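One structure is given here, and the rest of the page talks about it.
Predicted, not measured: the structure shown is a model, and the values here were computed from it.
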Amino acid sequence: MGYSKTLISFALLLALGSLVQCHEDMTIIDITHTYTPAMPSYGSKKGLGEILSLVCDQRKGFKTTNSLLTIQVHSGTHTDAPSHTFIEYLTQGIDATTLDLHTLNGPAFVVDVPRDQNITADVMKQLNITRGVKRVLFRTLNTDKKLMSATLYDSSYVGFTQDGAQYLVDHTDIKLVGIDYLSIASAADVLSPHLVLMKNKDIIPLEGLKLDQAEAGVQYIIHCLPLKLHADASPVRCILTK
């Protein structure tokens with residue numbers, strides 16, 4: 001009996017060692033933008049502005065240093081809740097706290113969108129995303145132009161059109177839709193794609209992603225956690241692993 005226990009313990013140690021080695025070998029790609037006063041804010045010419053202020057500063061005699069954070073929840077890398085476009089959902093308590101963590105975490109693909117157009121139904125057809133794929137991050141001209149690094153809001157950014165969003169709903173199984181600028185929808189019609197995607201409360205838009213280091217066509221695991229806010233959106237920290 002003692003010999004059997006020794007063998008079991010040895011096997012468990014080997015398995016634990018393998019897990020540790022796998023963790024050390026894991027590639028981590030941070031797809032979250034750093035919050036700065038100069039980062040873009042939707043519709044603004046001046047950027048996000050100061051979001052941090054010191055309420056306690058050790059340099060001024062305080063025992064600790066404490067910062068106050070003041071931020072618009074649709075800033076930087078963030079996710080929308082259905083109540084962003086449907087006020088009745090907010091009154092029902094469907095907000096950032098109810099976003100499905102299973103949807104926000106799991107296997108994901110990065111796809112490269114044709115660089116000269118918005119994500120229309122025709123573009124979605126070209127991308128040929130197979131059924132069963134549930135999480136897709138759409139890398140566009142926004143990444144090439146480094147729009148998330150520019151202070152001035154750029155209304156020429158690439159996003160979904162209404163028919164592109166409808167094609168995604170009708171012809172794919174995608175539940176997490178990521179994009180590399182502040183809105184999932186093109187500036188020409190910013191509301192309709194949101195309405196299409198979020199009507200049934202099962203598709204989550206993930207906006208403001210940093211996708212320059214990710215490879216298209218590679219299956220990653222996305223790890224994405226919003227703050228637990230009773231709000232229509234939330235900042236997130238997102239990484240990809242492989």
Side-chain angles (χ1 to χ4, degrees), residues 31-33 35 39-44 47-49 51 69-106 108 118-120 124 134-138 140 142 147-148 153-155 157-170 172-211 222-238:
I31 58 172
T32 311
H33 283 280
Y35 282 91
M39 76 185 315
S41 181
Y42 197 90
S44 172
L48 189 58
I51 62 172
L69 175 66
T70 306
I71 193 170
Q72 205 263 65
V73 292
H74 290 273
S75 302
T77 306
H78 67 278
T79 185
D80 288 349
S83 51
H84 178 43
T85 47
F86 294 94
I87 189 62
E88 61 268 29
Y89 291 157
L90 187 62
T91 59
Q92 294 168 20
I94 301 170
D95 52 30
T97 68
T98 62
L99 292 170
D100 191 343
L101 296 181
H102 288 94
T103 298
L104 287 162
N105 297 270
N118 284 313
I119 307 174
T120 63
M124 286 297 298
K134 294 184 177 181
R135 302 169 192 85
V136 178
L137 312 180
F138 293 83
T140 74
N142 304 332
L147 293 188
M148 286 296 294
Y153 165 73
D154 190 335
S155 62
Y157 70 87
V158 173
F160 275 84
T161 60
Q162 182 176 359
D163 68 322
Q166 193 64 59
Y167 185 95
L168 184 148
V169 170
D170 294 340
T172 78
D173 294 323
I174 297 172
K175 300 303 178 187
L176 183 65
V177 186
I179 199 144
D180 49 1
Y181 200 53
L182 293 171
S183 176
I184 202 76
S186 68
D189 183 9
V190 74
L191 181 59
S192 296
H194 280 92
L195 293 173
V196 170
L197 292 173
M198 304 176 79
K199 180 179 179 180
N200 293 326
K201 306 186 293 291
D202 60 341
I203 295 176
I204 301 176
L206 182 58
E207 301 168 329
L209 293 174
K210 187 178 184 296
L211 298 177
I222 189 169
H223 310 264
C224 186
L225 295 175
L227 299 178
K228 207 164 185 180
L229 297 173
H230 287 300
D232 52 277
S234 172
V236 291
R237 183 66 183 266
C238 287

When you measure from the side chain of S234 to the backbone of L227, do you find a donor-acceptor pair of N or O atoms at a distance under 3.5 Å? yes
So, taking the atom named CG in L209 and the one named SG in C238, what distance separates them when rounded to the nearest 0.5 Å? 6.0 Å
Shortest non-hydrogen separation from A96 to A81 and the atoms involved: N-CB, 3.7 Å
How are the rings of Y153 and Y42 set relative to one another: parallel (under 30°), tilted (30 to 60°) or perpendicular (over 60°)? tilted
Using the ring of each side chain (for Trp, its six-membered ring), is H74 parallel, tilted or perpendicular to H78, with breaks at 30° and 60°? perpendicular
Atom pair NZ/OG of K201 and S83 - distance to nearest 0.5 Å: 11.5 Å
Apply side-chain contact (heavy atoms from CB on, under 4.5 Å) to the pair T172 and M124, showing each step before the final yes or no. CA-CA 9 Å; T172 78; M124 286 297 298; 4.2 Å; yes
Got a second to check how far M39's CE is from H33's NE2, nearest 0.5 Å? 6.5 Å
Please test Y89 against M198 for side-chain contact (heavy atoms from CB on, under 4.5 Å), starting from the C-alpha separation and ending with a verdict. CA-CA 10 Å; Y89 291 157; M198 304 176 79; over 6 Å; no
Parallel, tilted or perpendicular, judged at 30° and 60°: which one describes the rings of H84 and H194? perpendicular
Could you check whether any side-chain N or O of Y181 sits under 3.5 Å from a backbone N or O of D154, counting only pairs where one atom can act as donor and the other as acceptor? yes
Residue list, side-chain hydrogen bond (donor to acceptor under 3.5 Å, both in side chains) with T97, at least two apart or on another chain: D95
Please tell me whether N118 and T161 have a donor and an acceptor in their side chains that are separated by less than 3.5 angstrom. no
Does K175 pair with D202 as a salt bridge, N-O distance under 4.0 Å? yes
Are any of the side-chain heavy atoms of L206 and I222 separated by less than 4.5 Å? yes
